Asker: 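Submitted below is the structure of interest, expressed as structure tokens.
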Protein chains: 2
Amino acid sequence: MALTQLTVVDTAVDILQQFGLADLSMRRLAKELDVQVGALYWHVKNKQELLAQVAAKLLNTPALAVRAEDFASPGEAVLQLMRKLYLALLPIQDSPEVIEVASAMQVKDLQPVLLLRSLLQQAGLDAERACFGQQLLLNHVLGSVAYRQNLIQLDVASEESDGYDWGLQRAVAGLLSPACATAQD
Amino acid sequence: MALTQLTVVDTAVDILQQFGLADLSMRRLAKELDVQVGALYWHVKNKQELLAQVAAKLLNTPALAVRAEDFASPGEAVLQLMRKLYLALLPIQDSPEVIEVASAMQVKDLQPVLLLRSLLQQAGLDAERACFGQQLLLNHVLGSVAYRQNLIQLDVASEESDGYDWGLQRAVAGLLSPACATAQD
DNA sequence: ACCTGAACACCGTTCAAGT
DNA sequence: ACCTGAACACCGTTCAAGT
């Protein structure tokens with residue numbers, strides 16, 4: 001197995017899924033690939049860039065696609081996309097941290113994020129507001145996933161609702177309500 | 001200056017404010033206090049617990065208090081509290097990470113968080129929903145602060161709005177709208 | 001009770017030197 | 001072009017031994 005950018009990123013995804021971010025070190029990754037640590041730096045610039053690519057691998061999957069035409073309204077499509085995102089990220093340890101790194105690096109090709117913005121525009125928000133709404137909803141998934149993963153990790157994974165879905169519905173309602181002409185100006 | 005829990009935490013807060021979380025290591029902290037690293041572990045259990053105490057120090061300040069009686073409605077008080085929180089956290093480097101550690105450790109005495117929940121209840125939400133609403137709004141501040149701190153750090157601190165306030169208004173509207181009888185059941 | 005000294009088991013990144 | 005070996009400058013945590 002030749003050492004390429006692809007194998008490096010894929011192995012990183014593997015380690016993340018199986019052992020979490022704490023175990024995803026450059027040295028551990030090198031060991032898994034049977035090379036010296038330095039060799040990795042021929043294929044990726046640094047750890048941050050590697051994590052951004054890991055995030056892209058996690059999010060750019062057809063499983064997270066949603067077609068607006070399949071729903072009664074764009075709002076319904078938004079809800080569906082957000083629910084898929086939550087369920088996809090929940091089983092991947094520390095996924096919120098990884099995705100925050102990617103967002104921080106201005107990674108532009110996270111498909112579900114672009115899709116979310118586009119759906120919000122289809123629902124009637126202008127470009128700027130779609131962007132703000134995207135932020136609100138993204139903050140909510142990542143925050144909720146992080147919160148729940150933490151509960152799971154440090155004790156019982158209480159079966160009861162964590163409020164993600166309720167908060168999501170209220171947020172989407174707030175974003176798309178007809179009273180959306182900004183309250184103050 | 002005797003080495004106590006208090007001085008350790010206060011010095012940690014100092015380092016965080018001046019240099020950020022990356023520089024807040026146990027070794028750096030020990031150097032600042034002119035002691036060996038091991039000495040710190042007599043006064044704090046570990047780094048995680050230290051960070052939780054740092055978060056508490058940051059949040060449990062009278063500057064972040066808001067009295068419901070001073071506003072036309074509980075909803076207005078919520079908006080005000082959230083705006084104060086945002087402005088208070090923005091200048092403190094990596095404050096969202098630090099606060100997430102505290103929340104993760106189930107720290108119960110973060111006053112602005114308790115206040116937020118209480119205001120949501122005063123606005124008419126039942127206990128469970130107030131808790132969910134608190135989550136939504138907290139996710140939004142922490143996410144927005146992290147996002148903005150990142151922009152500041154890696155280039156221009158664009159003066160234009162980051163959408164925090166618009167998202168906040170829409171979220172609060174969604175939470176407190178009269179159509180709050182859950183849409184689906 | 002409180003602190004030192006020193007160790008243990010790690011990190012990310014760089015770079016001359018090899019092939 | 002791609003990789004090794006080895007170094008540099010760090011981490012958090014523990015613990016016998018000192019005072």
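Predicted, not measured: the structure shown is a model, and the values here were computed from it. All chains are named by letter (A, B, ...) in the order of the sequence lines, taking the proteins before the strands, and each is independently numbered beginning at 1. Computed from heavy atoms alone, side chains included, the values below leave out hydrogens, waters and symmetry copies.
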Asker: Of A:G38 and A:S25, whose nearest nucleotide on DNA chain C comes first from the 5' end?
Answerer: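 Checking each residue's closest nucleotide, the 5'-ward one belongs to A:S25.
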Asker: Report yes if some heavy atom in the side chain of B:F19 is under 4.5 Å from a heavy atom in the side chain of B:Q93; otherwise report no.
Answerer: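 A side-chain contact under 4.5 Å is absent here.
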Asker: Could you tell me how the ring of A:W166 sits relative to the ring of B:F132: parallel (under 30°), tilted (30 to 60°) or perpendicular (over 60°)?
Answerer: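 The rings of A:W166 and B:F132 sit tilted, inter-plane angle from 30° to 60°.
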Asker: Does A:D94 have any salt bridge (Lys or Arg N to Asp or Glu O under 4.0 Å) partners at least two apart in sequence or in another chain, and if so, which?
Answerer: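 Testing A:D94 for salt bridge (Lys or Arg N to Asp or Glu O under 4.0 Å), a comparison that skips the adjacent residues, returns none.
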Asker: Give the first and the last nucleotide of DNA chain D, reading 5' to 3', that has any atom under 4.0 Å from a heavy atom of chain B.
Answerer: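 Contact span on the strand: D:dC11 to D:dC15.
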Asker: Start at the 5' end of DNA chain D and walk down; is the nucleotide closest to A:R27 or to A:D34 reached first?
Answerer: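 Nearest nucleotide further toward 5': that of A:D34.
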Asker: May I ask you to test the B:L33-B:L40 pair for a side-chain heavy-atom distance under 4.5 Å?
Answerer: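 Heavy-atom side-chain distance check passes, below 4.5 Å.
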Asker: Would A:L115 end up clustered with A:L87 when hydrophobic side chains under 4.5 Å apart are linked, directly or stepwise?
Answerer: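 Linked within one cluster.
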Asker: Name the one of B:L138, B:L142, B:V113 that satisfies side-chain contact (heavy atoms from CB on, under 4.5 Å) with B:I99?
Answerer: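 With B:I99 as partner, side-chain contact (heavy atoms from CB on, under 4.5 Å) holds for just one option, B:L142.
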Asker: Let me know, please, whether B:A22 or A:V37 comes out on the 5' side of the other along DNA chain D by nearest nucleotide.
Answerer: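 Taking each residue's closest nucleotide, the earlier one in sequence belongs to A:V37.
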Asker: For B:Q122 versus B:A68, what's the shortest heavy-atom pair and its separation?
Answerer: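 Answer, listing the atom of B:Q122 first, then B:A68: OE1-CB, 3.3 Å.
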Asker: Just checking B:Y147: does its OH atom have more than 12 heavy atoms from other residues, nucleotides or ligands closer to it than 6.0 angstrom?
Answerer: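 It does not: B:Y147 OH has 12 such atoms or fewer within range.
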Asker: If you assign each of A:R28 and A:K45 to its closest nucleotide in DNA chain C, which residue comes earlier from the 5' end?
Answerer: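 Residue closer to the 5' terminus by nearest nucleotide: A:R28.
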Asker: So which of residues 92-99 of chain B are in contact with DNA chain C, with a heavy-atom cut-off of under 4.0 Å?
Answerer: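 When residues 92-99 of chain B is checked for heavy atoms under 4.0 Å from DNA chain C, there are no hits whatsoever.
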Asker: Side-chain contact, heavy-atom cut-off 4.5 Å: A:F71 with A:L79?
Answerer: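 The answer is no, as the side chains (C-beta and beyond) never meet within the 4.5 Å cut-off.
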Asker: For DNA chain D, what string of dots and brackets results from 5' to 3' when Watson-Crick and G-U pairs need both distances under 3.5 Å, crossing pairs get [ ], and pairs with another strand get |?
Answerer: ||.|||||...|||||.||
Asker: How far, in whole Å, is D:dC10 from C:dA9 if one measures between their C1' atoms?
Answerer: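 Rounded to whole Å, the distance is 14 Å.
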Asker: Name all pairs fulfilling the side-chain hydrogen bond (donor to acceptor under 3.5 Å, both in side chains) condition that reach into residues 101-111 of chain B, sequence neighbours left out, sorted by first residue then second.
Answerer: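 Qualifying pairs, neighbours excluded: none.
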Asker: Going by the rule side-chain contact (heavy atoms from CB on, under 4.5 Å), which residues pair with B:S25 if we only count those two or more places apart in sequence or in a different chain?
Answerer: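 So B:S25 forms a side-chain contact (heavy atoms from CB on, under 4.5 Å) with B:R27, B:R28.
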